[in-house]
Amino acid sequence: ELGEPPATLPTVGTNLTDLRLPRKVTVRELGGCMGPIWPSYYSECSALLFVVDASNPTQVSSSCIQLLSVLSAAPLASVPVLVLFNKIDLPCYMSLVEMKSLFRMQDIASCATQPITMLETSARDGTGLTDVLQWLRTTLRDPS
């Protein structure tokens, strides 16, 4: 049970959140405007969640460029990536099929060195968050 989803606001700086999956995992959230400093955190990264606003078509091209930059960073070459198309609770959101097409995700995934998974989410109403937690549990599982 995830409980009540938190209030959502755009990330302006950086936020840290600890999750138990069942081991403790620290999630560092960096807003899009923090893109210039993202590389300073790459070496600490075990998994990457890249969140895209699926309700804002004007940001698609800049989000795609940022994603390509992240995927081409050497320290992230083998880090699993989860691309989240968020805000699907809004009436103007673009579907997963539309977002995959606009981002040319098939081309990106075929050229990327890391595994890429894509999900639709709504941070506001909780849609898809269980799938995100399951992806994190599976991806960050201790090697046996």
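Values below: all heavy atoms of this structure, side chains included; hydrogens, waters and symmetry mates excluded.
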Are [Y] and [X] connected in a single hydrophobic cluster, I mean Ile/Leu/Val/Met/Phe/Trp/Tyr linked by side-chain heavy atoms less than 4.5 Å apart?
| X | Y | value |
| --- | --- | --- |
| Leu68 | Tyr41 | yes |
| Val52 | Leu90 | no |
| Trp38 | Val79 | yes |
| Val51 | Val132 | yes |

Shortest non-hydrogen contact between [X] and [Y], atoms and distance:
| X | Y | result |
| --- | --- | --- |
| Arg23 | Leu140 | NH2-O, 2.6 Å |
| Phe50 | Val70 | CE1-CG2, 4.4 Å |
| Ser43 | Pro75 | N-CB, 4.5 Å |
| Ser55 | Lys87 | OG-CD, 3.7 Å |
| Asn86 | Ala123 | OD1-N, 3.0 Å |
| Ser46 | Pro80 | O-CD, 3.6 Å |

Any chance you could measure [X], atom [atom1], to [Y], atom [atom2], to the nearest 0.5 Å?
| X | Y | atom1 | atom2 | answer |
| --- | --- | --- | --- | --- |
| Ile88 | Arg124 | CD1 | CZ | 12.5 Å |
| Asp89 | Asp125 | CG | CG | 5.0 Å |
| Ser72 | Leu67 | OG | CG | 9.5 Å |
| Arg141 | Leu21 | CZ | CG | 11.5 Å |
| Thr121 | Leu84 | OG1 | CG | 5.0 Å |
| Gln106 | Ile108 | CD | CD1 | 11.0 Å |

Phe103 and Val83: CA distance, side-chain angles, deciding distance, side chain to side chain contact (heavy atoms under 4.5 Å, CB included) verdict: CA-CA 11 Å; Phe103 269 72; Val83 178; 5.7 Å; no
Derivation and outcome, side chain to side chain contact (heavy atoms under 4.5 Å, CB included), residues Glu120 and Asp131: CA-CA 9 Å; Glu120 289 181 309; Asp131 295 328; over 6 Å; no
Check whether any side-chain heavy atom of [X] sits under 4.5 Å from a side-chain heavy atom of [Y], and report yes or no.
| X | Y | result |
| --- | --- | --- |
| Met118 | Met99 | no |
| Cys45 | Leu76 | yes |
| Leu136 | Leu82 | no |

Go through it in stages, so that I can follow the logic: the residues are Val60 and Met94, the test is side chain to side chain contact (heavy atoms under 4.5 Å, CB included), and I'd like the CA-CA distance, side-chain angles, deciding distance and then a yes or no. CA-CA 11 Å; Val60 168; Met94 291 176 282; 3.8 Å; yes
Can you run down the side-chain hydrogen bond (donor to acceptor under 3.5 Å, both in side chains) pairs that involve residues 108-119, sequence neighbours left out, and say none if there aren't any? Thr117-Trp135
Quick one: do the Gln134 and Thr138 side chains pair a donor with an acceptor below 3.5 Å? yes
Whether the side chain of Glu29 engages the backbone of Asn15 through a donor-acceptor N/O pair (distance < 3.5 Å, no angle test) should be reported. no
Give a yes or no on whether the backbone of Ser95 and the side-chain of Glu98 come within a donor-acceptor separation of less than 3.5 Å. yes
Passes side chain to side chain contact (heavy atoms under 4.5 Å, CB included), Ile116 versus Leu71? Steps please. CA-CA 10 Å; Ile116 300 174; Leu71 293 175; 3.9 Å; yes
